[in-house]
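Here's the structure, in structure tokens; my notes come after.
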Protein chains: 2
Amino acid sequence: MASDHTRTAILNAAERLYADRGFGDVTLRDIVAAANVNLAAVNYHFGSKDELIAELFVTRSLATNRERLNELRNAEEAGGGRAGIDAIFRALVGPTLRGCLGPSSEGSTAARFMIRASIESVPPIRRIKNREVDHLRKFAAAMRRSLPGRAEADLYWALHFALAMAHHTIRERERLTKLSEGVCDLDDVQGIIERVVAVSAMALMGGEAKTKAPARVAARDAR
Amino acid sequence: MASDHTRTAILNAAERLYADRGFGDVTLRDIVAAANVNLAAVNYHFGSKDELIAELFVTRSLATNRERLNELRNAEEAGGGRAGIDAIFRALVGPTLRGCLGPSSEGSTAARFMIRASIESVPPIRRIKNREVDHLRKFAAAMRRSLPGRAEADLYWALHFALAMAHHTIRERERLTKLSEGVCDLDDVQGIIERVVAVSAMALMGGEAKTKAPARVAARDAR
DNA sequence: GATAGTTTCATACAACTGTTTGAAATGCAA
DNA sequence: TTGCATTTCAAACAGTTGTATGAAACTATC
């Protein structure tokens, strides 16, 4: 037990430094200097550098996943076991985008850390991300309940594209601002979420009316 | 001039090693060992490790960009100055997806290197990517010509989402296979391209008929 | 075949990395 | 206070990294 003071000081300093300068050029010595603790404290409290990074990422990651599942559960309860497809996508990408975008994310170390984690891909984080399959399957299941007739492949492709748009927007938000010369407002988080949700739903629906039968989205006029 | 033998041996070995094991844990010593050349040869021929990586990436990157612009030009000429929106997206994501996906990409070192470069983000590569704004603006211009009435923001968001889907598919292709338990066929490159193109077009069109007036895609029922 | 320029080589360099060690300090129970 | 366990600390360790050096080998020109 004890005071935990050193432990949390390390966690805070590490999160801030990694967020600001990336995993690539932050050493344990940088961290302990910022935390005002001894170099050996990291290995004493966490075992290794990788385990420190893993703990940082797992904490934030679990929080996001909890938020997602909360939103999903609420949507399904509101719909009597079946959530609308929009609500499902909103539960999937909303928490991540809200957490990492918008003016508040500039100040939040947690947000900047997660952005960094999505840009640089270090081994300990990759290992954790690979365990997220079960979590995503829950969203696939919700989609299946919501649209029983849909082809499995279309389901997963839509899920995949939703995550693609969300993560890419977080990763490349600066580039998008520069590319569009400020025309794309990265601070309008709710607008972005609805945009991603709408496109994801269209990816699944093939641009047809929401309640209609399956519509293939793929291979039309090849080239 | 001279034989260039050493130079190209380094380039080949480096590309293969980076493709296989990532930038993180391939050292210059690994490279020169695989290339059967002296350690000092890298600094002699390239100046530094970062310049070697940069040269590798620039070469492949320019090739892709050339291919993209070729396809775009062809599409615009075929349409008398105005390419169809599908053709524009196809020119944008086609070369990248064809290069990095499909059974052939397993064998191609170049493809595996570019996949690696899109997963790990090292400083020299990031610097080059940031100079790609001009290149992407050409596609924005083509979209503008194709659909003069469209709002600028919608244009850039669709462009952004197209790249998002393409790159995310490349980055996470293994995860998607595992997640979907093989239901998503990552070897059907043409099918994937058409899927991405269709969704991108829908992102821009808002699910309405292709020739209709602007349709906002964003903020409907917030939450 | 001597000369000048290029390329290769073995080796050293200097710095930095995460981790370990063993002793000192601290906190807490009896 | 005594004793015991936890925590901190300075120092060193062992290994790796990219880069620099200066001599040797080569190549082509005159």
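Just so you know, these numbers use all the heavy atoms, side chains as well, and skip hydrogens, waters and symmetry mates.
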Atom-to-atom span, NE2 of A:His5 to C1' of D:dT7 - whole angstrom:
13 Å
If the threshold is 4.0 Å, N to carboxylate O, is there a salt bridge linking A:Arg144 and A:Glu152?
yes
How long is the line joining CG of A:Leu28 and P of D:dA11, in whole Å?
19 Å
What residue pairs, at least two apart or across chains, pass ring pair (Phe, Tyr, Trp, His ring centres under 6.0 Å) with a residue in residues 108-136 of chain B?
B:Phe23-B:Phe113, B:His135-B:Phe139
B:Lys49 has an atom NZ; how far is it from atom P of D:dT17, in whole Å?
8 Å
Just do the side-chain contact (heavy atoms from CB on, under 4.5 Å) check on B:Met165 and B:Val93 with the steps written out, would you?
CA-CA 9 Å; B:Met165 291 184 276; B:Val93 303; over 6 Å; no
Please list, chain by chain and in numerical order, all residues satisfying salt bridge (charged side-chain N to carboxylate O under 4.0 Å, His left out) with B:Asp188, sequence neighbours excluded.
none
Of the candidates D:dG18, C:dT17, D:dT7, the side chain of A:Thr6 sits closest to D:dT7
Return the value, rounded to whole Å, for the distance between atom CD1 of B:Ile31 and atom C1' of D:dT16.
15 Å
Tell me: CG of B:Leu52 to P of D:dT19, nearest whole Å?
10 Å
Run the ring-ring contact (aromatic ring centres under 6.0 Å, His included) test against B:Tyr156 and tell me which residues pass, sequence neighbours left out.
none
For residues 31-47 of chain B, please give each side-chain donor-acceptor pair under 3.5 Å, one per line with the distance, not counting sequence neighbours.
from    : atom 1 : to      : atom 2 : distance (Å)
B:Asn38 : OD1    : B:Ala40 : N      : 2.9

Specify the residues of residues 34-45 of chain B, ordered by number, for which at least one heavy atom lies under 4.0 angstrom from an atom of DNA chain C.
B:Asn38, B:Ala40, B:Tyr44, B:His45
Integer-rounded Å distance: C:dT17 P and A:Asp30 CG:
7 Å
A:Phe161 and A:Trp157 aromatic ring geometry - parallel, tilted or perpendicular at 30°/60° bounds
tilted
Do the charged groups of A:Arg137 and A:Glu132 touch, with an N to O distance under 4.0 Å?
no
Could you tell me how far apart A:Arg7 (CZ) and D:dT6 (C1') are, to the nearest whole angstrom?
15 Å
Are A:Arg7 and A:Glu55 within salt-bridge range, i.e. N to O under 4.0 Å?
yes
Quick test: give all pairs of protein nitrogen or oxygen and nucleotides 25-29 of chain D nitrogen or oxygen below 3.5 Å, distance rounded to 0.1 Å.
none

Could you tell me the separation between the CZ atom of A:Phe46 and the P atom of C:dG18, rounded to a whole number of Å?
15 Å
